[in-house]
Amino acid sequence: MIAFVSGPVAALAPDTAVVEVGGVGMAVQCTPGTLARLKVGQPARLATSLVVREDSLTLYGFADDDERQTFELLQTASGVGPRLAQAMLAVHSPDALRRAFAAGDEKALTAVPGIGKKGAQKLLLELKDRLGAAVGSASVAAAVSAPAAGWRDQLHAALVGLGYASREADEAVAAVAPQAEAVVVDGGTPQVGQLLRAALQTLNRAR
């Protein structure tokens, strides 16, 4: 198993980071929040989980070991593959997921693209006792800040990566723009994780 990769970031795409390890470029699938904290040419260390399929080997990357362990635990539920597990971590931090399962919060789960009401109920039954109690750590995704001029592109790419149409992503970005611009006016930088959650809420209300 490849437990982590460490090295300079060679390239970034909407859902992938390429990390140079010993002269080899390792393509790592990451959540938008994790990608937002990486910069091309800068060193990075990502906890990883290798998913082996008959026709592919896919490396998933995470900000820390807690995210990776949560990713792997989520997949112990029937019907949850790596893409859905990663989508859950794109929307919620590990602690937020633990709180959601402990409280039986269907609404938190249905905020994840690909999870409906029945699916949320099934997941709550299967995973309630597997994730453990919240440990109080802040979400890395929520703490990641994007350059003032770049948050729109990052957020749009994140929404498209989660399966929304480009038009829907445009509307969601526009809906959360005042929130992001208020942060900029106050001298801060927009946080991709928080904006993604807000954008998903607007999309869910529009359904």
Side-chain angles (χ1 to χ4, degrees), residues 1-98 109 112-115 123 126-127 130-132 135 137-146 150 153-164 169 191-193 196-197 200:
M1 175 182 173
I2 302 173
F4 69 90
V5 296
S6 180
V9 177
L12 292 171
D15 61 355
T16 306
V18 178
V19 179
E20 184 178 340
V21 181
V24 177
M26 306 285 284
V28 188
Q29 300 280 318
C30 301
T31 64
T34 299
L35 289 170
R37 62 193 287 268
L38 305 177
K39 293 184 179 179
V40 173
Q42 297 296 311
R45 184 185 188 279
L46 296 172
T48 56
S49 179
L50 180 64
V51 175
V52 180
R53 294 286 185 265
E54 187 175 329
D55 57 350
S56 67
L57 296 173
T58 306
L59 199 60
Y60 289 85
F62 309 93
D64 55 34
D65 290 335
D66 188 26
E67 277 194 3
R68 179 187 63 199
Q69 290 166 3
T70 303
F71 171 79
E72 292 172 348
L73 280 170
L74 290 171
Q75 292 178 78
T76 63
S78 59
V80 178
R83 297 296 293 180
L84 183 55
Q86 189 178 53
M88 293 172 76
L89 285 167
V91 177
H92 299 296
S93 69
D95 253 9
L97 284 171
R98 293 185 190 106
L109 296 185
V112 178
I115 299 180
L123 287 172
E126 289 194 42
L127 292 174
R130 296 186 198 175
L131 294 186
V135 296
S137 61
S139 165
V140 173
V144 171
S145 58
D153 289 341
Q154 290 184 4
L155 180 58
H156 189 278
L159 291 167
V160 172
L162 288 171
Y164 288 99
Q191 296 179 346
V192 174
L196 179 60
R197 288 168 178 66
L200 288 168

Exercise for review: Take L123 and L74 through the side chain to side chain contact (heavy atoms under 4.5 Å, CB included) test and state the conclusion after the steps.
Suggested key: CA-CA 9 Å; L123 287 172; L74 290 171; over 6 Å; no
If you take all heavy atoms of [X] and [Y], which pair is closest and at what distance?
X    : Y    : value
V9   : A44  : CG2-CB, 3.7 Å
L109 : I115 : O-CB, 3.5 Å
E67  : T34  : OE1-OG1, 3.8 Å
A85  : F71  : CB-CD1, 3.7 Å
D66  : P94  : OD2-CB, 3.5 Å
L196 : P32  : CD2-CG, 4.4 Å

Check your understanding: Counting only N and O atoms by type, is there a donor-acceptor contact under 3.5 Å from the side chain of R68 to the main-chain atoms of A3?
Key ->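 Side chain of R68 to backbone of A3: a pair is present.
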Check your understanding: Would you say the side-chain atoms of T48 pair up with the backbone N or O of I2, donor to acceptor, closer than 3.5 Å?
Key ->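 The answer is yes, because a donor-acceptor pair under 3.5 Å joins these two groups.
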Point to revise | Pairwise side-chain contact, V112 with H92, heavy-atom cut-off 4.5 Å (strictly under) | key: yes
Could you give the distance from [atom1] ([X]) to [atom2] ([Y]), rounded to the nearest 0.5 Å?
X   : Y   : atom1 : atom2 : result
L46 : S6  : CG    : OG    : 8.5 Å
M26 : T16 : CE    : OG1   : 13.0 Å
C30 : F62 : SG    : CZ    : 8.0 Å

Practice item. Apply side chain to side chain contact (heavy atoms under 4.5 Å, CB included) to the pair V91 and T31, showing each step before the final yes or no. Key: CA-CA 9 Å; V91 177; T31 64; over 6 Å; no
Review point. So D15 and R83, side chain to side chain contact (heavy atoms under 4.5 Å, CB included) or not? Walk me through it.
Key: CA-CA 11 Å; D15 61 355; R83 297 296 293 180; 4.1 Å; yes
Exercise for review: Dump the intermediate steps for side chain to side chain contact (heavy atoms under 4.5 Å, CB included) on L73 and L127, then the final yes or no.
Suggested key: CA-CA 8 Å; L73 280 170; L127 292 174; 5.8 Å; no
